[in-house]
Amino acid sequence: MARSSPRLDAPLGRGTTRPRTTSRDRFGRFTEWVARAMGTPTFLLILSLFCILWIVWNTLGPDELRFDDAALGFTALTLMLSLQASYAAPLILLAQNRQDDRDRVQIEQDRQRAERNLADTEYLAREIVALRLALEERNSQVVTRDVLRHELKALLAELDDSDIDSAPTDQTTSSHPRTGPIKTRSPRPRA
């Protein structure tokens, strides 16, 4: 019987569940948890209390309930602490390796971000320089009112001179300061 693949356009029914995705990195997260837990004052306090209780129980407790002899140097306690240390060291190293990998990725992302920021900054600097040059060019071409008036008056005078030279005798040209040259006909003599 063929198993039908779940449809993505329809919601899951009541009896169906999504398959659980197991994390392949669960052990790595566990090692980081162990490394974080072992570096806390709580862990040191609990371990110290455990050792004190062990020693007190095996020294002051009833002889029939003692399980680690003080005369032998608390061999079981030594073995337990050695076992804990032998597992703790590799777990801490694994956690450090994972942290180094994350740091490497973070450094690469920071480098790429810095490159983008540098490129953006250089682009903006070029744009600012282009705007500054355009403004300087525009400012150098700005004509003030006085300069424009002077130029227009010079042009009007030039036009007046050229009109007087080329004007027929029956027409006279006068210059008006605002409208420029005005051509008028001279009156005809009456008989």
Side-chain angles (χ1 to χ4, degrees), residues 1-140:
M1 181 175 214
R3 186 178 224 185
S4 66
S5 62
R7 293 184 52 189
L8 298 177
D9 61 343
L12 292 175
R14 285 191 163 232
T16 61
T17 59
R18 291 190 177 139
R20 286 189 102 176
T21 56
T22 57
S23 174
R24 291 180 280 161
D25 206 27
R26 189 177 292 167
F27 184 71
R29 285 182 289 168
F30 171 73
T31 60
E32 287 179 343
W33 175 80
V34 168
R36 275 193 303 272
M38 285 186 169
T40 62
T42 305
F43 175 77
L44 294 175
L45 182 66
I46 291 171
L47 186 61
S48 299
L49 287 174
F50 175 76
C51 291
I52 290 169
L53 288 174
W54 184 288
I55 292 171
V56 168
W57 181 263
N58 287 306
T59 350
L60 302 176
D63 286 337
E64 57 275 353
L65 295 178
R66 292 182 190 170
F67 50 86
D68 194 13
D69 193 11
L72 296 174
F74 299 109
T75 309
L77 178 63
T78 305
L79 288 173
M80 292 269 297
L81 292 175
S82 296
L83 181 67
Q84 181 267 337
S86 67
Y87 277 103
L91 290 176
I92 291 170
L93 287 174
L94 286 171
Q96 284 178 344
N97 288 341
R98 284 175 46 90
Q99 185 62 43
D100 288 344
D101 292 341
R102 275 197 301 273
D103 289 345
R104 222 174 284 117
V105 168
Q106 184 65 37
I107 288 170
E108 179 62 26
Q109 289 174 348
D110 289 345
R111 186 189 61 76
Q112 290 172 354
R113 191 176 302 117
E115 285 178 356
R116 283 193 307 267
N117 287 343
L118 180 64
D120 290 345
T121 304
E122 288 174 349
Y123 170 75
L124 290 173
R126 285 191 304 271
E127 288 298 313
I128 289 171
V129 167
L131 285 172
R132 185 178 294 152
L133 289 174
L135 282 174
E136 285 176 4
E137 182 179 327
R138 181 159 173 94
N139 286 340
S140 67

Going by salt bridge (Lys or Arg N to Asp or Glu O under 4.0 Å), name the residues that satisfy it together with [X], two or more places apart in sequence or in a different chain.
X: D120; answer: none
X: R113; answer: D110
X: R98; answer: D25, E32
X: D101; answer: R104

Would you give the length of the straight line joining atom [atom1] of [X] to atom [atom2] of [Y], rounded to the nearest 0.5 angstrom?
X: L131; Y: L124; atom1: CG; atom2: CG; value: 10.5 Å
X: W54; Y: T59; atom1: CH2; atom2: OG1; value: 12.0 Å
X: T121; Y: I128; atom1: OG1; atom2: CD1; value: 9.5 Å
X: E108; Y: Q106; atom1: CD; atom2: CD; value: 11.0 Å
X: C51; Y: L47; atom1: SG; atom2: CG; value: 4.5 Å

Quiz item: Under 4.5 Å between any side-chain heavy atoms of E137 and L133, yes or no?
Solution: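 A side-chain contact under 4.5 Å is absent here.
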
Practice problem: Taking the side chain as every heavy atom from C-beta outward, state whether I92 and V34 have any atom pair closer than 4.5 Å. | Solution: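 Not in contact.
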
Quiz item: Are D100 and Q96 close enough that a side-chain donor and a side-chain acceptor fall under 3.5 Å?
Solution: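 D100 vs Q96: no donor-acceptor pair found between side chains.
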
Exercise. Could you pull out the closest heavy-atom pair between F43 and A37, with the gap in Å?
Key: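 Heavy atoms of F43 and A37 come nearest at CB-O, 3.0 Å.
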
Quiz item: Nearest heavy-atom pair of L94 and F27: which atoms, and what distance?
Solution: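 Distance-wise, the nearest heavy atoms are CD1-CE2, 3.6 Å.
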
Side-chain donor-acceptor pairs under 3.5 Å in residues 79-91, sequence neighbours left out?
residue: S82; atom: OG; partner: T78; partner atom: O; Å: 2.9
residue: S86; atom: OG; partner: S82; partner atom: O; Å: 3.3
residue: S86; atom: OG; partner: L83; partner atom: O; Å: 2.8

Quiz item: Hey, does the side chain of N58 reach the backbone of D68 with a donor-acceptor pair shorter than 3.5 angstrom?
Solution: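 Yes; at least one donor-acceptor contact below 3.5 Å.
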
Self-check item: Backbone N/O of L65 and side chain of W57: donor-acceptor pair under 3.5 Å
Solution: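 Here the side-chain-to-backbone pair exists.
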
Practice problem: Check side-chain contact (heavy atoms from CB on, under 4.5 Å) between E122 and all other residues, then give those that pass, not counting sequence neighbours. | Solution: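 Counting only residues at least two positions away or on another chain, E122 forms a side-chain contact (heavy atoms from CB on, under 4.5 Å) with L118, R126.
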
Self-check item: More than 12 heavy atoms from other groups under 6.0 Å of CZ on F67
Solution: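 Result for CZ/F67: enclosed.
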
Exercise. Carefully, step by step, assess E136 and R132 under the rule salt bridge (charged side-chain N to carboxylate O under 4.0 Å, His left out).
Key: CA-CA 6 Å; E136 285 176 4; R132 185 178 294 152; 5.3 Å; no

